[in-house]
Q: 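My questions will all concern the structure given below.
Fair warning: this is a prediction, and the values are worked out from it, not measured in the lab.
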Amino acid sequence: MIVDRETFDLSSSIESLLDGIESVEIEGEVKPELMESVCEISTDPCRNTGEAGEQLRALRRMVQRVAGERGLAIGSAGTHPFALWEDQRVVSRPRYRELIAGLQFVARQEIIFGIHVHVGIDDPDKAIHVANGMRVHLPILLALSANSPFWRGQQTGLHSTRTPIFRAFPRVGIPPRYEDFEDWSRRTEFMTTSKVIPDYTYIWHDVRPHPNFGTVEVRVMDSQTRVEHTLAIAALIQAMVKELAEHYEAGQELSRYPYEMLDENKWLAARHGLEGELVDLPVTDRVGAAELTKRLMERLRPHSEALGSAGEFDGLRDILDNGTGSARQALVYEANHDLHEVVREIVEASVPEAAETLGD
């Protein structure tokens, strides 16, 4: 999010930022999003999470420097704690104007910020198998990444307020199960042929194949304030994908779970974050989200080591030990009930040099 350095209000300044960045040569990309107060930062394809971390840190530093020259700052979280969507301007790009024209209020109130992690897959049917298998993991990823406890100046009681806001969009949430890539293609083509969407990128499911990039894209997470938390979650996703890809290569079948229980676990993750319980599918036992995360970490650690991502993977311990972004925002707010102080903390922790771990 782009904010005024003094007031910490959202600032509709993406075009000014892009002008300042135009002459800077750096790996990765800085792009506009739906609103002029939003800045999208993305890395180039990377071999591992260490390489992604180098790019992401450099991108955040560069954008913060350019923003500072204009009396602005950048901060990363799932929502801006006190911004009003009515005050935001839509970016002057055809795609976004058409989005507003089509979705009206649903799109106008979308002042939210998320992470998208792409992992390359070498076979289309394998990509569908991975996407199907990732569905049961989505609630854990949301619980770990929960970073939006405030909305329009109110403490909502949710750890990820971003989740129900985005749920107002069509074609979102946990996707259906697809039989194979041909099944996904046929069902997607039905939507484009009937002209309800221009192309598959208008299907915004929490996990989806992305044929144009040759990836599986995981989209369920809130934006992370700290770079090390972004990388830890990316390393976890990469390890999950590796496990599922090997599962496909071994000719194994995925377990089938009731859709309503996958969706219920996602709700529980949005409501309680790591502090709550999830249903330990396929059984009916409820287990602490933090405990389920520890189990996953133990199982997936060998995969992260094989991928060269063990260092970033270990960043999950900081989330478990010291709290999610949501818990940390709530801790700052509890001191003085000052949401400007919360945004100041977000801004200061979003730039790598300034980021410190609470509890150290």
Side-chain angles (χ1 to χ4, degrees), residues 106 112 114-117 119 121 124-146 158-192 194 196-197 200-211 215-222 233 236-237 240-241 243-245 247-248 252-274 276-289 292-293 295-296:
V106 169
I112 55 175
I115 302 174
H116 300 168
V117 176
V119 183
I121 302 290
D125 285 335
K126 187 189 297 182
I128 296 300
H129 184 92
V130 169
N132 285 339
M134 284 296 299
R135 298 190 313 156
V136 74
H137 295 317
L138 295 173
I140 282 289
L141 293 171
L142 178 57
L144 276 165
S145 69
L158 279 65
H159 283 248
S160 176
T161 308
R162 169 183 164 272
T163 296
I165 295 168
F166 191 49
R167 195 164 187 151
F169 266 59
R171 306 178 296 278
V172 297
I174 297 173
R177 186 185 186 279
Y178 297 100
E179 293 303 319
D180 50 27
F181 187 73
E182 194 279 331
D183 181 41
W184 178 85
S185 299
R186 183 180 63 253
R187 291 161 69 173
T188 302
E189 185 179 2
F190 191 98
M191 299 185 77
T192 56
S194 62
V196 296
I197 56 172
Y200 77 85
T201 65
Y202 286 76
I203 301 173
W204 300 296
H205 287 143
D206 294 336
V207 56
R208 66 180 183 181
H210 204 314
T215 65
V216 167
E217 179 188 10
V218 182
R219 306 161 45 87
V220 74
M221 298 81 62
D222 283 4
I233 291 167
L236 179 62
I237 290 169
M240 288 173 172
V241 170
E243 180 182 65
L244 286 163
H247 187 268
Y248 173 83
Q252 295 177 284
E253 292 291 325
L254 291 167
S255 299
R256 290 178 179 257
Y257 305 104
Y259 181 89
E260 60 272 19
M261 288 309 304
L262 296 175
D263 196 47
E264 188 65 21
N265 266 352
K266 183 184 171 186
W267 156 250
L268 292 170
R271 170 65 179 87
H272 301 289
L274 277 186
E277 296 179 334
L278 301 176
V279 180
D280 189 17
L281 300 172
V283 298
T284 58
D285 298 338
R286 290 181 61 150
V287 178
L292 287 175
T293 301
R295 285 191 210 167
L296 264 180

Q: Excluding sequence neighbours, so at least two apart, what forms ring pair (Phe, Tyr, Trp, His ring centres under 6.0 Å) with His137?
A: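 Partners of His137 by the ring pair (Phe, Tyr, Trp, His ring centres under 6.0 Å) criterion come out as none, since no residue qualifies.
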
Q: With sequence neighbours left out, what residues match Arg167 under side-chain contact (heavy atoms from CB on, under 4.5 Å)?
A: Asp263

Q: Please enumerate all residues that pass ring pair (Phe, Tyr, Trp, His ring centres under 6.0 Å) together with His116, with sequence neighbours excluded.
A: none

Q: Tell me, please, which residues at least two apart from Trp267 pass side-chain contact (heavy atoms from CB on, under 4.5 Å).
A: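 Testing Trp267 for side-chain contact (heavy atoms from CB on, under 4.5 Å), a comparison that skips the adjacent residues, returns Leu158, Glu264, Arg271.
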
Q: Residues two or more places apart in sequence or in another chain: which of them pass ring pair (Phe, Tyr, Trp, His ring centres under 6.0 Å) with Tyr259?
A: none

Q: Taking only residues two or more places apart in sequence, or in another chain, which ones meet Tyr248 in a ring pair (Phe, Tyr, Trp, His ring centres under 6.0 Å)?
A: His129

Q: With Asp280, which residues qualify under side-chain contact (heavy atoms from CB on, under 4.5 Å), at least two apart?
A: Val283, Val287, Leu292, Arg295

Q: State which residues pass side-chain contact (heavy atoms from CB on, under 4.5 Å) with Pro170; sequence neighbours excluded, sorted by chain then number.
A: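 Checked Pro170 against side-chain contact (heavy atoms from CB on, under 4.5 Å); matches are Leu103, Trp204.
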
Q: Does His205 have any side chain to side chain donor-acceptor pair (under 3.5 Å) partners at least two apart in sequence or in another chain, and if so, which?
A: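 Side chain to side chain donor-acceptor pair (under 3.5 Å) check on His205 returns nothing, list empty.
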
Q: Report all side-chain donor-acceptor pairs from residues 139-146 shorter than 3.5 Å, counting only partners two or more places apart or in another chain.
A:
unit_1	atom_1	unit_2	atom_2	d
Ser145	OG	Leu141	O	2.9
Ser145	OG	Leu142	O	3.3
Ser145	OG	Asp222	N	3.2

Q: Looking at residues at least two apart in the chain, or sitting in another chain, which of them share a side chain to side chain donor-acceptor pair (under 3.5 Å) with Thr188?
A: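 With sequence neighbours excluded, Thr188 shows a side chain to side chain donor-acceptor pair (under 3.5 Å) to no residue whatsoever.
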
Q: With Glu182, which residues qualify under side chain to side chain donor-acceptor pair (under 3.5 Å), at least two apart?
A: Arg186

